[in-house]
Amino acid sequence: MSSKTSTSVSPGVRIFMLQQLLISLSTNVCPLIDPLSPSTSIEENFDYDLVVIGGGSGGLACAKEAVQFGAKVAVLDFVKPSPRGTKWGLGGTCVNVGCIPKKLMHQASLLGEAIHDAQPYGWKFAEPESVKHDWATLTESVQNHIKSVNWVTRVDLRDKKVEYVNGLGYFKDAHNVVAVMKNQTEKVLSAKNVVIAVGGRPRYPNIPGAMEYGITSDDIFSLPNEPGKTLVVGAGYIGLECAGFLKGFGYDATVMVRSILLRGFDQQMATMVGDAMVEKGVKFLHKTQPQSVEKQADGRLLVKYRSDDGTEGSDVYDTVLFAIGRTACTDDLKLDQAGVVTAEGGKSDKLDVDSFEATNVPNIFAVGDVLYKRPELTPVAIHAGRLLARRLFNNQNDIMDYTDVATTVFSPLEYGCVGMSEEDAEAKFGKDNIEVYHAYYKPTEFFVPQKSVRYCYLKAVALLEGDQKVLGLHFLGPVAGEVIQGFAAALKSGLTMKILKNTVGIHPTVAEEFTRLLITKSSGLDPTPATCCS
């Protein structure tokens with residue numbers, strides 16, 4: 001389906017043309033051509049039907065989907081080293097410095113805990129206290145897996161006839177993208193359509209020593225030395241996950257919290273996540289911000305900080321990891337040369353798109369973490385990318401639904417959720433119009449090793465009226481991601497509390513606890529179970 005012969009018009013282009021037609025009619029200026037006629041596709045001579053800037057999850061998904069429909073596609077990808085010098089291969093954040101290495105390190109931490117849990121189950125170790133974690137072995141194993149995925153990704157692009165260009169892309173104009181190669185030569189690619197899928201990179205605070213001596217999630221998964229005593233600055237999910245697995249390996253871990261934990265998540269659940277981490281031994285400095293990072297003569301890092309009440313303090317760490325948010329990688333794109341305006345009238349680094357993922361320039365689209373006020377999650381980028389390709393090259397009409405997207409925070413005790421938080425539900429429908437069902441529960445696996453069940457908790461946020469449509473589900477406990485994934489499909493299908501209560505659970509599982517939710521917050525009854533089987 002080469003652009004040189006294709007006359008199809010994408011939905012974004014059609015909307016743009018309709019707008020132009022309405023403008024012309026309102027100004028009594030007759031258009032020279034019919035905007036919706038196939039003849040509007042004037043003689044085109046593009047090298048590609050689609051050029052994707054960014055070889056991460058969303059961009060690759062869009063590219064591979066497009067070639068299935070006959071499109072000629074090129075993907076540009078280039079990784080700028082982190083301030084520490086860390087770089088990686090094709091695949092984007094998720095594969096290299098995000099979801100995959102994070103989950104592997106989380107699993108490594110859980111395995112260490114499982115070794116101790118195994119003893120009451122009858123597994124004998126000659127010297128249990130001598131069991132220790134080896135950081136070098138872990139990072140080598142993780143990086144070997146990542147490199148294998150990098151290789152498979154390149155082979156997959158080759159097999160699917162997607163051209164891979166290892167160059168940093170920028171716009172020459174709306175239809176011409178320039179790839180700056182490693183040797184600084186430039187290659188111009190002309191394209192009928194362009195997808196921006198450049199993702200984002202971690203931010204550093206504007207304080208002395210932060211970039212010189214600190215690291216981010218770009219670096220932690222391949223850190224050549226043991227992290228040792230670590231300060232994690234930032235209490236979003238990345239910060240909490242890193243602090244959690246580091247503590248699991250036996251390192252001293254402290255989280256510095258500027259305001260609240262897990263902004264954007266249900267705050268009752270966020271507080272419980274933090275409390276569960278404290279129970280595991282993670283320390284927290286609340287309402288505190290770093291002021292400077294200084295390298296001492298012994299190589300350790302002196303961090304000076306100040307609390308909101310004006311109290312100043314300091315401590316020495318081996319590693320300082322900043323997890324204070326991410327910046328979209330749009331600075332290098334020279335968007336102005338293509339006419340693309342970022343969100344908030346150009347003030348934001350992110351891109352605002354319509355329901356078809358189109359920017360203000362009708363042939364330039366965007367997917368993934370670069371988007372303004374959209375969930376920054378790999379599956380979201382993948383799904384949006386595929387749907388975009390189908391609309392552009394297979395005449396399909398489905399658009400991405402960004403609501404009710406399930407996610408999980410891989411903290412030591414995992415937190416999974418889908419739908420609305422209790423706060424958001426109250427804000428939208430009013431506190432008197434919602435009901436919250438909740439319960440504590442006891443995972444069967446926790447009984448024998450006598451693990452703490454203090455923070456094993458779940459709740460369903462529902463409308464009060466009728467069959468009580470479920471607005472949000474929240475689960476804190478083991479394998480939270482596996483639990484919440486199935487319920488996400490149910491919630492998107494219109495799950496009600498009536499249906500949930502009439503669903504028979506699988507026993508004994510932690511997922512069945514959702515089918516046992518009977519106690520409401522408004523009742524004031526104790527949500528703690530007395531027994532597990534009745």
Donor-acceptor under 3.5 Å ([X] side chain, [Y] main chain):
{"X": "Lys492", "Y": "Thr403", "answer": "yes"}
{"X": "Arg258", "Y": "Ile324", "answer": "no"}
{"X": "Thr185", "Y": "Met181", "answer": "no"}
{"X": "Gln143", "Y": "Phe221", "answer": "yes"}
{"X": "Thr408", "Y": "Phe410", "answer": "no"}
{"X": "His175", "Y": "Val194", "answer": "no"}
{"X": "Asn166", "Y": "Asp77", "answer": "yes"}
{"X": "Thr359", "Y": "Ile364", "answer": "yes"}
{"X": "Ser348", "Y": "Ala343", "answer": "no"}

Are the side chains of [X] and [Y] in touch, meaning some heavy atoms are under 4.5 Å apart?
{"X": "Leu138", "Y": "Phe245", "answer": "no"}
{"X": "Val232", "Y": "Met256", "answer": "no"}
{"X": "Val73", "Y": "Lys64", "answer": "no"}
{"X": "Val340", "Y": "Thr330", "answer": "no"}
{"X": "Ile484", "Y": "His474", "answer": "no"}
{"X": "Leu473", "Y": "Leu495", "answer": "yes"}
{"X": "Glu163", "Y": "Val51", "answer": "no"}
{"X": "Arg326", "Y": "Thr93", "answer": "yes"}

Which heavy atom in [X] sits nearest to a heavy atom in [Y], and how many Å separate them?
{"X": "Val405", "Y": "Pro375", "value": "CG2-CG, 4.5 Å"}
{"X": "Val510", "Y": "Pro478", "value": "CG2-O, 4.0 Å"}
{"X": "Leu388", "Y": "Phe356", "value": "CD1-O, 3.8 Å"}
{"X": "Met269", "Y": "Leu476", "value": "CE-CB, 3.8 Å"}
{"X": "Ser217", "Y": "Ile238", "value": "CB-CG2, 4.1 Å"}
{"X": "Gly244", "Y": "Pro412", "value": "CA-CG, 3.6 Å"}

Test the Lys229-Tyr317 pair against the cation-pi criterion, namely NZ or CZ under 6.0 angstrom from the six-membered ring centroid and within 45° of the ring axis.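 Pair Lys229/Tyr317 counts as cation-pi.
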Lys NZ or Arg CZ of Lys192 over Phe46 ring: under 6.0 Å, within 45°: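 No, Lys192 does not lie over the aromatic ring of Phe46.
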Between Glu414 and Leu110, does a side chain to side chain contact (heavy atoms under 4.5 Å, CB included) hold up when you go through it step by step? CA-CA 11 Å; Glu414 299 173 10; Leu110 294 181; 4.2 Å; yes
Value rounded to 0.5 Å, distance of [atom1] in [X] from [atom2] in [Y]:
{"X": "Phe487", "Y": "Leu458", "atom1": "CZ", "atom2": "CG", "answer": "9.0 Å"}
{"X": "Cys94", "Y": "Ile382", "atom1": "SG", "atom2": "CD1", "answer": "7.0 Å"}
{"X": "Lys87", "Y": "Asn96", "atom1": "NZ", "atom2": "CG", "answer": "13.0 Å"}
{"X": "Tyr415", "Y": "Leu240", "atom1": "OH", "atom2": "CG", "answer": "12.0 Å"}
{"X": "Glu113", "Y": "Lys280", "atom1": "CD", "atom2": "NZ", "answer": "3.5 Å"}
{"X": "Asn360", "Y": "Leu335", "atom1": "CG", "atom2": "CG", "answer": "9.0 Å"}

Could you check Tyr251 against Glu226 for side chain to side chain donor-acceptor pair (under 3.5 Å), going step by step and ending with a plain yes or no? CA-CA 9 Å; Tyr251 302 117; Glu226 281 192 283; 2.7 Å; yes
Please work out whether the ring planes of Phe249 and Trp135 are parallel, tilted or perpendicular, with thresholds of 30° and 60°.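 Because their plane-to-plane angle is over 60°, the rings of Phe249 and Trp135 count as perpendicular.
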Parallel under 30°, tilted from 30 to 60°, perpendicular over 60°: which one fits the rings of Phe265 and Tyr237?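 Rings of Phe265 and Tyr237: perpendicular, as their planes differ by over 60°.
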Before you tell me yes or no, could you show the steps for Phe171 and Val177 under side chain to side chain contact (heavy atoms under 4.5 Å, CB included), namely the whole-Å CA-CA distance, both residues' side-chain angles and the distance that decides it to 0.1 Å? CA-CA 5 Å; Phe171 284 97; Val177 175; 4.1 Å; yes
Assess whether side chain to side chain donor-acceptor pair (under 3.5 Å) is satisfied between Thr86 and Asp219, documenting all intermediate values. CA-CA 6 Å; Thr86 308; Asp219 312 296; 2.6 Å; yes
Can you check side chain to side chain contact (heavy atoms under 4.5 Å, CB included) on Phe69 and Leu392, steps first, answer last? CA-CA 10 Å; Phe69 307 121; Leu392 288 174; over 6 Å; no
Among Glu65, Gln396, Gln68, side chain to side chain donor-acceptor pair (under 3.5 Å) partner for Arg390: Glu65
Go through it in stages, so that I can follow the logic: the residues are Gln485 and Val418, the test is side chain to side chain contact (heavy atoms under 4.5 Å, CB included), and I'd like the CA-CA distance, side-chain angles, deciding distance and then a yes or no. CA-CA 8 Å; Gln485 179 66 82; Val418 62; over 6 Å; no
For Asn150, the option from Thr153, Val152, Ile146 that meets side-chain contact (heavy atoms from CB on, under 4.5 Å):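 It is Ile146, the one option of Thr153, Val152, Ile146 that forms the side-chain contact (heavy atoms from CB on, under 4.5 Å) with Asn150.
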Identify which one of Val75, Val67, Asn363, Asn193 satisfies the side-chain contact (heavy atoms from CB on, under 4.5 Å) criterion when paired with Leu50. Asn193
Is atom CZ of Arg203 surrounded by more than 12 heavy atoms (other residues, nucleotides or ligands) closer than 6.0 Å? yes
Would one find more than 12 heavy atoms of other residues, nucleotides or ligands at under 6.0 Å from atom CG of Asn144?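 Yes.
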Applying salt bridge (charged side-chain N to carboxylate O under 4.0 Å, His left out) between Glu357 and each of Arg386, Arg374, Arg391, report the one that passes.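 Filter result, single survivor: Arg391.
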Just by distance, no angles: are the side chains of Thr327 and Asp349 close enough, under 3.5 Å, to form a donor-acceptor pair? no
Please tell me whether Gln337 and Tyr170 have a donor and an acceptor in their side chains that are separated by less than 3.5 angstrom.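 Side-chain D/A pair, Gln337 to Tyr170: absent.
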Between Asp47 and Ser190, does the side chain to side chain donor-acceptor pair (under 3.5 Å) criterion hold? Intermediate values first, please. CA-CA 5 Å; Asp47 298 328; Ser190 63; 3.1 Å; yes
